[in-house]
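This report concerns only the one structure given below.
The model shown is predicted, which means the values in this text are computed figures rather than measured ones.
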Amino acid sequence: MFEPPRAEVSAEVPEPPALRARPRTRTSTYPFTPAIATVALHRTGRRAPVSVLSLQSPSATGFFVWSLLGVLFAAVPLIAWSRIARTRGVGYATAAALLAAGGLLVAIQHGGVPAVPRADAHLLFTVATPLLIVLGVRLEKGQKGHASEAWGRRRSTAVGVLGTQFVLTLAASALYFLMGAGASVPPATAVPDLPPGLIVLSEGSSCGSSSCARSVTVGSRDGLTPAEIVRKLDRSSGWTCRPNGWLLDRRSRCIGVTQTNGKVQLNVTLSDLIP
């Protein structure tokens, strides 16, 4: 069976001076066979062919289910407003704002806005959309006066639905905050884009006692020396750190460049919330 080449990764990944850890290196490979995937057997070291369909079908099903749940989550405020809107002008304007907010949330769910953390986006969505609905109700009350008793019952139902959504989101956010306090390997999207002319030679990841790191070995198409590559990366000032998220993920994410044994590595680390 044809087997694609494996990318080699370095066994050591530097960490910021404040994060002393003993790395346990995990290597990454990049298979390219289109029809057959291979799986390494833990005990024998032999490889057994596995159908790609058997590997991809569960993930495709999971993606569809989560996408559907995400759309339903984003549509809840719009559905609630459709039950209590009383005027054309305010009703359509508020519905348009809710539709735009829901569309933005769906885009964030699918990675269309990578700068916005998904967990924070869901929490902010469940806070902002009820405020939009309250504003719409206030404006309509000024135009139409007091509503009927039937409208009051529909409003109570809408409040119950939106309240349930908020409580569930708040509970999920608290769980996310508590479970996400530990170190983890930074995602590939956390690695900055390379300047033109620079290429990725290999990639690896490792974890220590208080942090995890993703390391990319950088080369040059133009034959630049390691020192020239470091200057082109424009990160000669050492490690730069910032919070990994906005509200719910306050772990420190650091980026730095190291030059060892003639190799230039771009490193991204993600540390524990409480080292």
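- For the 3.5 Å distance criterion, the side chains of S210 and D272 fail to qualify, holding no donor opposite an acceptor.
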Could you please spell out the steps behind the side chain to side chain contact (heavy atoms under 4.5 Å, CB included) verdict for Q143 and V90?
CA-CA 9 Å; Q143 295 180 7; V90 176; 3.5 Å; yes
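- Within the 4.5 Å cutoff, the side chain of C254 has no heavy atoms near those of the V268 side chain.
- A distance of 11.5 Å separates CG in D234 from CZ in R231, rounded to the nearest 0.5 Å.
- Of the candidates S211, S271, S184, R251 forms a side chain to side chain donor-acceptor pair (under 3.5 Å) with just one, namely S184.
- T217 has its side chain out of reach of E203: every pair of non-hydrogen atoms, C-beta onward, lies at least 4.5 Å apart.
- For the atom pair I229 CD1 and L266 CG, the distance stands at 11.5 Å (nearest 0.5 Å).
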Residues N267, T258; criterion side chain to side chain donor-acceptor pair (under 3.5 Å); working and verdict
CA-CA 8 Å; N267 307 295; T258 59; 3.3 Å; yes
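- Scanning all heavy atoms of the two residues, the minimum distance from R214 to A188 falls at NE-N, 3.7 Å.
- Contact record, I255 with A190: CD1-O, 4.2 Å, taken as the closest heavy-atom pair.
- No salt bridge links E228 with K232; every basic N to acidic carboxylate O contact stays at or beyond 4.0 Å.
- Contact of the L135 side chain with the L131 side chain is not registered, since no non-hydrogen atoms from C-beta on lie closer than 4.5 Å.
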List the steps and the verdict of side chain to side chain contact (heavy atoms under 4.5 Å, CB included) for V257 and V264.
CA-CA 7 Å; V257 174; V264 178; 3.8 Å; yes
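- Under the 4.5 Å side-chain criterion, counting only non-hydrogen atoms from C-beta, F166 is not in contact with L162.
- The same ILVMFWY cluster, assembled from side-chain heavy atoms under 4.5 Å apart, contains both L194 and L224.
- The nearest pair of heavy atoms linking F177 to L248 is CD1-O, 3.1 Å.
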With side chain to side chain contact (heavy atoms under 4.5 Å, CB included) as the criterion, how do S67 and H110 come out once you've worked through the C-alpha distance, each side chain's angles and the decisive distance to 0.1 Å?
CA-CA 8 Å; S67 297; H110 290 78; 3.2 Å; yes
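- Residues passing the side chain to side chain contact (heavy atoms under 4.5 Å, CB included) test with Q109, sequence neighbours excluded: L105, V106, H122.
- Contact detail for D120 and G245: the closest heavy-atom pair is OD2-C, 4.1 Å.
- If you check the side chains of T87 and E140, you find a donor sitting under 3.5 Å from an acceptor.
- Neither L98 nor V134 shares a network with the other; the hydrophobic side chains, linked directly or stepwise wherever heavy atoms of I, L, V, M, F, W or Y lie under 4.5 Å apart, form separate groups for each.
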Does W151 form a side chain to side chain contact (heavy atoms under 4.5 Å, CB included) with H146? I'd like the steps, not just the answer.
CA-CA 10 Å; W151 181 89; H146 292 287; over 6 Å; no
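- No continuous path of hydrophobic side-chain contacts links I133 to Y92 [ILVMFWY only; heavy atoms under 4.5 Å].
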Counting only pairs under 3.5 Å, give me each side-chain donor-acceptor contact of residues 70-86, with atom names and distances, residues two or more places apart or in other chains.
from, atom 1, to, atom 2, distance (Å)
W81, NE1, G91, O, 3.0
S82, OG, I79, O, 2.5
R86, NH1, G145, O, 3.4
R86, NH2, G145, O, 2.9

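- P114 and G111 make their closest contact through CD-O, 3.7 Å (heavy atoms, listed as atom of the first residue, atom of the second, distance).
- Atom CG of L198 is separated from atom OG of S220 by 5.5 Å, given to the nearest 0.5 angstrom.
- If you take CG on L139 and NZ on K141, they are separated by 12.0 Å, rounding to the nearest 0.5 Å.
- Side-chain contact check for L124 versus L247: some heavy-atom pair is nearer than 4.5 Å.
- V200 and V230 fall within a single hydrophobic cluster, where Ile, Leu, Val, Met, Phe, Trp and Tyr are joined by side-chain heavy atoms under 4.5 Å apart, directly or via other members.
- Once rounded to the nearest 0.5 Å, the distance linking OG1 of T169 with OH of Y176 reads 14.5 Å.
- One hydrophobic cluster, built from ILVMFWY side chains closer than 4.5 Å, holds both L132 and V137.
- Note that the CG atom of L99 and the OG1 atom of T94 stand 12.5 Å from one another [nearest 0.5 Å].
- Contact of the E149 side chain with the R153 side chain is registered, since non-hydrogen atoms from C-beta on lie closer than 4.5 Å.
- The heavy-atom pair separating A213 from V185 by the smallest distance is O-CG1, 4.2 Å.
- For the pair T269/W239, a side-chain contact is recorded, criterion being any heavy-atom separation below 4.5 Å from C-beta on.
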